[in-house]
Amino acid sequence: MALKSQWWRDAAIYQIYVRSFADSNGDGEGDLAGIRERLPHLAELGVDAVWLTPFYVSPLADGGYDVADYRDVDPRFGTLADFDELLATAHDLGLRVIIDVVPNHSSSAHRWFREAVAAEPGSPARSRYIFRDGKGPDGEQPPNNWNSIFGGPAWTRLKRPDGTPEQWYLHLFDPEQPDFDWTSQEVHDEFDDVLRFWLDRGVDGFRIDVAHGMVKDPALPDIEEGAKADLLDGSTTLPYFDQDGVHDIYRRWAAIAASYPGDRTMVAEAWVEDAERVARYLRPDELHQAFNFEYLTSPWDSGHLRSVIDSSLTANGAVGATTSWVLSNHDVTRHVTRFGGGEQGLRRARAATMLMLALPGAVYLYQGEELGLPEVTDLPDDALQDPTWERSGRTERGRDGCRVPLPWEDGAAPYGFGAEGSTPWLPQPEGWGRLSRAAQRGVEGSTLELYTSALRLRRELDALGDGSMTWLDAPEGVLYFEREPGVRCAANLTGEPVDLAVGEMTAPEASVEGGSPAPAGGPWGDGGRRVNVPEVLLSSGPVAAPADGTLALPAETAVWLRA
């Protein structure tokens with residue numbers, strides 16, 4: 001299939017958490033071959049691209065975001081040949097492929113870090129990472145008071161083979177994820193080469209992990225007492241996040257991507273709370289997209305959502321960039337559960353999806369949300385693998401609940417994720433098969449069919465995708481807007497039904513068939529004016545056709561209308 005240019009401006013991109021998508025060999029872990037086998041289902045769903053989480057050689061201390069070799073596939077996920085076959089199959093189906101690049105840190109098993117540990121303080125091998133002497137008479141205190149995102153201190157002290165303590169190294173995440181020092185030219189050159197390695201293989205772009213975190217304040221100052229080291233806080237005031245120096249890196253990377261044909265794209269995972277600062281990553285000579293985490297973390301509140309939508313579109317529009325929208329990913333609680341769980345959570349999640357898919361720009365979908373999967377909140381303690389669990393002293397359960405392997409078939413575990421009788425790396429809930437793709441495919445009103453219909457309309461209707469929008473008058477608690485030409489979205493975020501005026505009166509008619517005056521009642525109003533009643537294209541729940549220009553919009557429901 002032909003792949004359109006500048007596809008990323010209004011693409012629907014589907015995130016695949018590789019370890020939990022599809023297991024082709026029955027070892028309990030998803031792999032590249034499993035993804036390749038299931039790609040036709042994603043083409044049928046109607047997405048434009050897939051984003052793969054890391055599949056590189058890794059000890060999996062942090063689910064693959066601790067990379068030991070950036071140019072090879074971990075054997076548990078397959079081989080480079082498997083990746084090439086996956087990429088070719090995706091392109092044949094008209095799907096683009098984005099992969100993760102993890103430039104803030106490597107695995108402690110990376111060749112460079114092993115060399116650094118074996119080297120002396122001040123050596124070139126240590127200049128690739130952030131090593132510092134400790135404070136205190138014997139250097140027994142960390143260089144500063146920074147804490148790890150996963151809990152505990154952000155510094156670990158090395159020891160020589162004889163047990164003698166020496167320098168400390170920085171890890172904003174797990175101790176097995178030492179931070180690179182981006183003042184090193186060698187680090188710059190290495191990642192230039194990593195990008196080219198995968199671009200040469202044909203990937204369509206990169207999702208940049210912790211894109212706001214590579215550059216640190218060179219003074220490494222203490223943070224304020226009580227300041228929370230939290231990736232999800234999106235704070236722009238921490239000395240290791242959103243430093244101006246990251247933009248020089250992205251200008252260099254943008255030039256590399258632009259040197260390849262086919263509109264290669266880059267998207268930033270930048271947890272920055274200010275829409276205008278996020279937009280700085282999207283200037284014409286930098287990146288193409290940044291995840292809209294302000295939108296993702298918004299509460300179920302119409303006023304808050306409208307404010308975030310407006311600020312996002314304004315800030316990104318000022319730099320000529322498209323806006324991306326996202327409701328779930330591998331790092332946050334699934335939005336069915338965030339929005340209350342149970343029937344209410346699913347009802348709200350379906351409405352939120354239709355609202356998101358109607359907004360201008362691109363959308364990111366997380367695997368399983370098209371099935372209405374909730375967060376798995378009752379995983380056994382001994383099954384948890386997220387480093388947050390241990391680093392927090394077993395007080396924070398971490399992100400495993402949104403990473404449980406997908407159900408593909410009804411019946412018994414593993415529900416088609418792997419071979420019958422295999423044991424997935426995280427246990428799937430009993431009854432998970434009722435939410436499977438097989439159980440929902442072709443079933444009217446199912447969440448899978450809602451997503452499939454919405455994505456099909458989004459492709460077919462010129463009004464949806466990239467472009468502008470206009471807010472329309474609506475009762476409190478309802479978001480109502482129009483996309484030109486002639487498609488409207490209304491979302492009722494209240495807990496009660498709302499009557500929404502959606503009809504428009506035309507100019508007076510002189511006569512009707514036979515030359516008689518316009519009749520009273522029906523679609524004809526006073527003075528012979530006709531009420532134009534829009535057509536219901538799709539709704540997240542049962543919605544009756546508008547009558548006399550009024551739409552009865554049920555609670556926590558969204559609808560698309562053709563004016």
Side-chain angles (χ1 to χ4, degrees), residues 3-9 11 13 48-57 65 67 69-73 80 83-84 86-88 90-91 95-106 110-112 127-128 179-215 242-270 272 278-291 316 319-322 324 362 364:
L3 300 171
K4 74 176 184 179
S5 62
Q6 294 202 340
W7 57 276
W8 40 268
R9 290 194 65 89
I13 301 168
D48 303 294
V50 296
W51 150 35
L52 307 180
T53 57
F55 48 81
Y56 312 113
V57 176
Y65 285 94
V67 180
D69 186 342
Y70 288 85
R71 297 176 183 81
D72 203 0
V73 176
L80 278 172
F83 177 82
D84 292 339
L86 184 162
L87 187 63
H91 285 171
L95 298 171
R96 302 272 186 169
V97 177
I98 293 173
I99 65 173
D100 253 301
V101 62
V102 186
N104 180 72
H105 49 261
S106 74
H110 192 285
R111 172 178 59 86
W112 274 8
S127 68
R128 302 160 176 160
D179 281 43
F180 285 115
D181 188 339
W182 276 85
T183 66
S184 165
Q185 185 60 46
E186 196 172 1
V187 173
H188 285 268
D189 294 342
E190 169 69 1
F191 276 93
D192 288 355
D193 190 73
V194 167
L195 297 181
R196 291 190 176 100
F197 176 86
W198 293 103
L199 289 167
D200 288 341
R201 298 193 91 86
V203 302
D204 300 290
F206 299 94
R207 176 263 192 188
I208 304 165
D209 185 61
V210 196
H212 60 313
M214 293 131 73
V215 174
D242 197 31
Q243 301 293 301
D244 288 343
V246 298
H247 299 287
D248 293 332
I249 298 170
Y250 297 137
R251 291 186 184 97
R252 178 168 168 150
W253 286 13
I256 292 173
S259 70
Y260 285 80
D263 289 316
R264 315 298 176 98
T265 190
M266 293 186 179
V267 56
E269 184 210 26
V272 179
V278 174
R280 297 172 77 240
Y281 291 78
L282 308 178
R283 290 173 289 198
D285 59 345
E286 294 191 42
L287 306 177
H288 300 96
Q289 292 180 334
F291 292 126
N316 291 345
V319 295
T322 189
S324 68
Y364 282 80

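As the structure is a prediction and not an experimental result, all values here were calculated from the model.
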Within the structure provided, determine whether [X] and [Y] are in side-chain contact (heavy-atom separation under 4.5 Å).
{"X": "Ser106", "Y": "Phe180", "result": "yes"}
{"X": "Asp244", "Y": "Arg280", "result": "yes"}
{"X": "Ile99", "Y": "Arg201", "result": "no"}
{"X": "Phe291", "Y": "Val278", "result": "no"}
{"X": "Asp209", "Y": "His105", "result": "yes"}
{"X": "Tyr260", "Y": "Arg196", "result": "yes"}
{"X": "Val267", "Y": "Tyr364", "result": "yes"}

Who passes ring-ring contact (aromatic ring centres under 6.0 Å, His included) against Trp112, sequence neighbours left out?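 Residues passing ring-ring contact (aromatic ring centres under 6.0 Å, His included) with Trp112: His110.
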Please check if the distance between the ring centroids of Tyr281 and His247 is under 6.0 Å. yes
Which heavy atom of Ala211 sits nearest a heavy atom of Ala268, and at what distance?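 That closest heavy-atom pairing would be CB-CB, 3.7 Å.
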Option among Tyr70, Tyr65, Trp198 that satisfies the ring pair (Phe, Tyr, Trp, His ring centres under 6.0 Å) test with Phe55: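 Of the listed options, the one satisfying the test is Trp198.
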In a check of ring pair (Phe, Tyr, Trp, His ring centres under 6.0 Å) between His288 and each of Trp7, Trp8, Tyr250, which one passes?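 Of Trp7, Trp8, Tyr250, ring pair (Phe, Tyr, Trp, His ring centres under 6.0 Å) with His288 is met by Trp8 alone.
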Applying side chain to side chain contact (heavy atoms under 4.5 Å, CB included) to Val246 and His212, what does each step give before you reach the verdict? CA-CA 7 Å; Val246 298; His212 60 313; 5.9 Å; no
When you check the gap from the basic side-chain N to the acidic O, do Asp248 and Arg251 get nearer than 4.0 Å? yes
Hey, is the main chain of [Y] close enough, under 3.5 Å, to the side chain of [X] for a donor-acceptor pair?
{"X": "Trp253", "Y": "Phe191", "answer": "no"}
{"X": "Asp48", "Y": "Ile13", "answer": "no"}
{"X": "Glu269", "Y": "Val210", "answer": "yes"}

Side chain to side chain donor-acceptor pair (under 3.5 Å) involving Asn104 - partner list, sequence neighbours excluded: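 Asn104 satisfies side chain to side chain donor-acceptor pair (under 3.5 Å) with Asp179, Lys216 once adjacent residues are dropped.
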Applying side chain to side chain donor-acceptor pair (under 3.5 Å), can you list everything that pairs with Thr53, at least two apart in sequence or on another chain? none
